[in-house]
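So the structure is just underneath, and the comments pick up after that.
In what follows, chains are A, B, ... by sequence order, proteins preceding strands, each numbered from 1.
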There are 2 protein chains.
Amino acid sequence: MSSRLGAIEFRHLRYFTAVAEARSFRAAAQQLHVSQPPLTRQVQQLEELLGVVLLERQPRGVELTAAGAVFLEEARNLLALAEQALDRTQMAAQGQLGRLDVGVYGSAVFDAIPRVIQAFRVAHPKVEVVLHNLDRAGQIKALRERRLTVGFNRFFIEEPDLVWDVVLAEALNVALPAGHRLADRSRLTIADLSGEAMVVYPRSPRPGFIDQVLGLFHRRHLTAQVVQEVDDVVTAIALVSSGFGLTMVSDSALNLRLPGVVYLPLERNEALIDLCMIRRIDDDSALLRAFIEVARTVLPPLPDELAGAR
Amino acid sequence: MSSRLGAIEFRHLRYFTAVAEARSFRAAAQQLHVSQPPLTRQVQQLEELLGVVLLERQPRGVELTAAGAVFLEEARNLLALAEQALDRTQMAAQGQLGRLDVGVYGSAVFDAIPRVIQAFRVAHPKVEVVLHNLDRAGQIKALRERRLTVGFNRFFIEEPDLVWDVVLAEALNVALPAGHRLADRSRLTIADLSGEAMVVYPRSPRPGFIDQVLGLFHRRHLTAQVVQEVDDVVTAIALVSSGFGLTMVSDSALNLRLPGVVYLPLERNEALIDLCMIRRIDDDSALLRAFIEVARTVLPPLPDELAGAR
DNA sequence: GGCTGCGATACCGCATCGGTATCGTCCCGG
DNA sequence: CCGGGACGATACCGATGCGGTATCGCAGCC
């Protein structure tokens, strides 16, 4: 704990290093823009603190002792490391260094989130980005416990200590088996799906994507024919692939290509599904600000083109 | 060159580290045995010098910012390294750390020198010992050019800037072919060897072992029958092994066992051969002093037992 | 609402910094 | 052989800035 470092300061290292490198007090004094006596005094003091003679004073300048050569190397190293420490701290203050824990969940991991993460990694290469697969409740818990900096999720839920931002509105698509009677249409409406066998997800957490999808039917006084509830979009599409029925997926899930699965867009005005970012209301770290900025830049501010791009 | 390190001192690191670890200015002040205001001031100054806010002042102590956490790690590292720098410098001052370049030459490398080196390595494990095979002239040159700290050699030659110490006096032995007419004797005299076919070494540098051996004959008004001059003891013994004749070797060379070679000791009063250590007269480094001390301890101060031990 | 504990601020005495002037010493040239 | 010049060390001085005491402002809490 209490060290023998005593009263040694960087000034001693700077002065000694200059003198040792110049092999002269006077020359070092010029380089440092100070007069010569302070150098003599600081080096003397350093030697006294160390209990070691570092320089051999000679009529024509100074020579290093063996211990002095060792200390010179150490001092140079320390000074260089101190500079690096400054750099790293200033980078951290600008959000260019550190660690960002990101919670991810659901179909957005197949497109929107990777695009954001990738862009952030390019812009902030020294930041370690760690992804955590957590559902909404897990993200909220982890955020409160500081294990997470930001979470991506669907659906907006009010919490006093957290804030949500909608960062993307994705269109909905219908995934259906290749041989399905609707598979040759170019786009579909909710009404087209009334009474069709459907796979829905996720079973939990509630409310979730499943409720939003079912709500689309109820709002139109239509009935959804749920043949299977599953946990996630991948399982749902796997069941579609084996002919169980159809399911609804966001644009991001279009990257999931399984054999015998056809994706058709819903009419654009039928439904949009939000992608939200959740974070602590009191977190104003530069890292998070930078991440939000990247997310806003990467994700299109308006859903139009995405919905059209299928 | 000129750094952004500015006026940052170890004091700033020590104070900040204490505050950051205690999560409190007051608690840190107690641990450091100073009052609280200086801590506030030093940390403020550090933040100003860095241009970065390191701590979030809160009603119940302080919290680290992201940049503060980075700087804390850096500061701890720097302080630990500074301690190590002190240790290493002080070890160097005591001759326990550094590099020792040792010149070796001749038959002593087969016994006496390895014993010294081994003992020194045990006593000073952090000192890097580098051996250089150099003849006497090479050692003298390397010593003057500071490429060598100490050299082992035979024969004492006065030099103004160098000092020699005799560290060992070894007895002489005769190496002769197994079938030689003298091979069944238990010990020999110079007179016994008069007129015998001899291999002698080294051809250079002169004067050298060769001259000392030949001098033994001349001094007794005997003649040495030189059949071959070679460069080194190994070659000489190889020739003995193949029946060329006999040769003279020091005790150290007795470790060289070649088939068909018999070693017989010379009468002890016939001749002794010195092993010398050469060094700069102005080199009073702790490392060299320690090495000399080890050499004196390891090598027997009197030749008697060695001569008798064969 | 007063109490308590926190960090920040104001101010003070003094240690210590860097500056100027000078000394002692050695090298070197006339 | 002696004087000039360059080096590091020393003496001394003013100013900076350290750490100290006293106090403020503020927030949480009984």
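- Taking atom CZ of residue A:Arg26 and atom C1' of nucleotide C:dT22, one finds them 11 Å apart after rounding to whole Å.
- Residue A:Gln42 places at least one side-chain N or O under 4.0 Å from the OP1 or OP2 atom of C:dG18.
- Out of D:dT21, D:dG19, D:dG8, the shortest distance to the side chain of B:Tyr15 is found at D:dG19.
- Between B:Arg41 and B:Val19, the one whose closest nucleotide on DNA chain C sits nearer the 5' end is B:Val19.
- Using a distance-only test at 3.5 Å, with no hydrogens or angles considered, no donor-acceptor pair links the side chain of B:Ser24 to the main chain of B:Gly61.
- At a cut-off of 3.5 angstrom, counting only N and O atoms as typed in the model, there is no donor on one side facing an acceptor on the other between the side-chain of B:Arg60 and the base of C:dG5.
- The residue B:Arg57 sits close only to the backbone: its heavy atoms come under 4.0 Å of sugar-phosphate atoms, none of a base.
- In this structure, CG of B:Leu32 is placed 12 Å from C1' of D:dG19, rounded to the nearest angstrom.
- Between the CD atom of B:Glu9 and the C1' atom of C:dG18 there is a distance of 14 Å, given to the nearest Å.
- The side chain of B:Arg11 has D:dG19 as its nearest neighbour among D:dA9, C:dG7, D:dG19.
- Picking from D:dG8, D:dG19, C:dG19 the nucleotide with the shortest atom distance to the side chain of A:Val34 gives C:dG19.
- For the pair B:Ser35 and D:dG20, the criterion of a side-chain N or O lying under 4.0 Å from OP1 or OP2 is met.
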Q | side-chain hydrogen bond (donor to acceptor under 3.5 Å, both in side chains) between B:His124 and B:Gln96, intermediate numbers included | A | CA-CA 5 Å; B:His124 302 261; B:Gln96 291 170 5; 5.7 Å; no
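- Relative orientation of the A:Phe10 and B:Phe10 rings is parallel, given thresholds of 30° and 60° on the angle between their planes.
- Judged by distance alone with a 3.5 Å cut-off, a donor-acceptor contact links the side chain of A:Gln36 to the base of D:dA9.
- No donor-acceptor pair closer than 3.5 Å links the side chain of B:Arg136 to the backbone N or O of B:Gly208.
- Rounded to whole angstrom, the span from the CD atom of B:Glu56 across to the P atom of C:dA8 amounts to 13 Å.
- Expressed to the nearest 0.5 Å, how far CG of B:Leu134 lies from CZ of B:Arg147 amounts to 7.0 Å.
- Taking side-chain N and O atoms only, B:Thr40 has a distance below 4.0 Å to OP1 or OP2 of C:dA8.
- Mapping A:Pro59 and A:Gln44 onto DNA chain D via the closest heavy atom, the residue that lands nearer the 5' end is A:Pro59.
- One interatomic measurement links the two molecules: CZ of A:Arg23 to P of D:dG8, which rounds to 13 Å at whole-angstrom precision.
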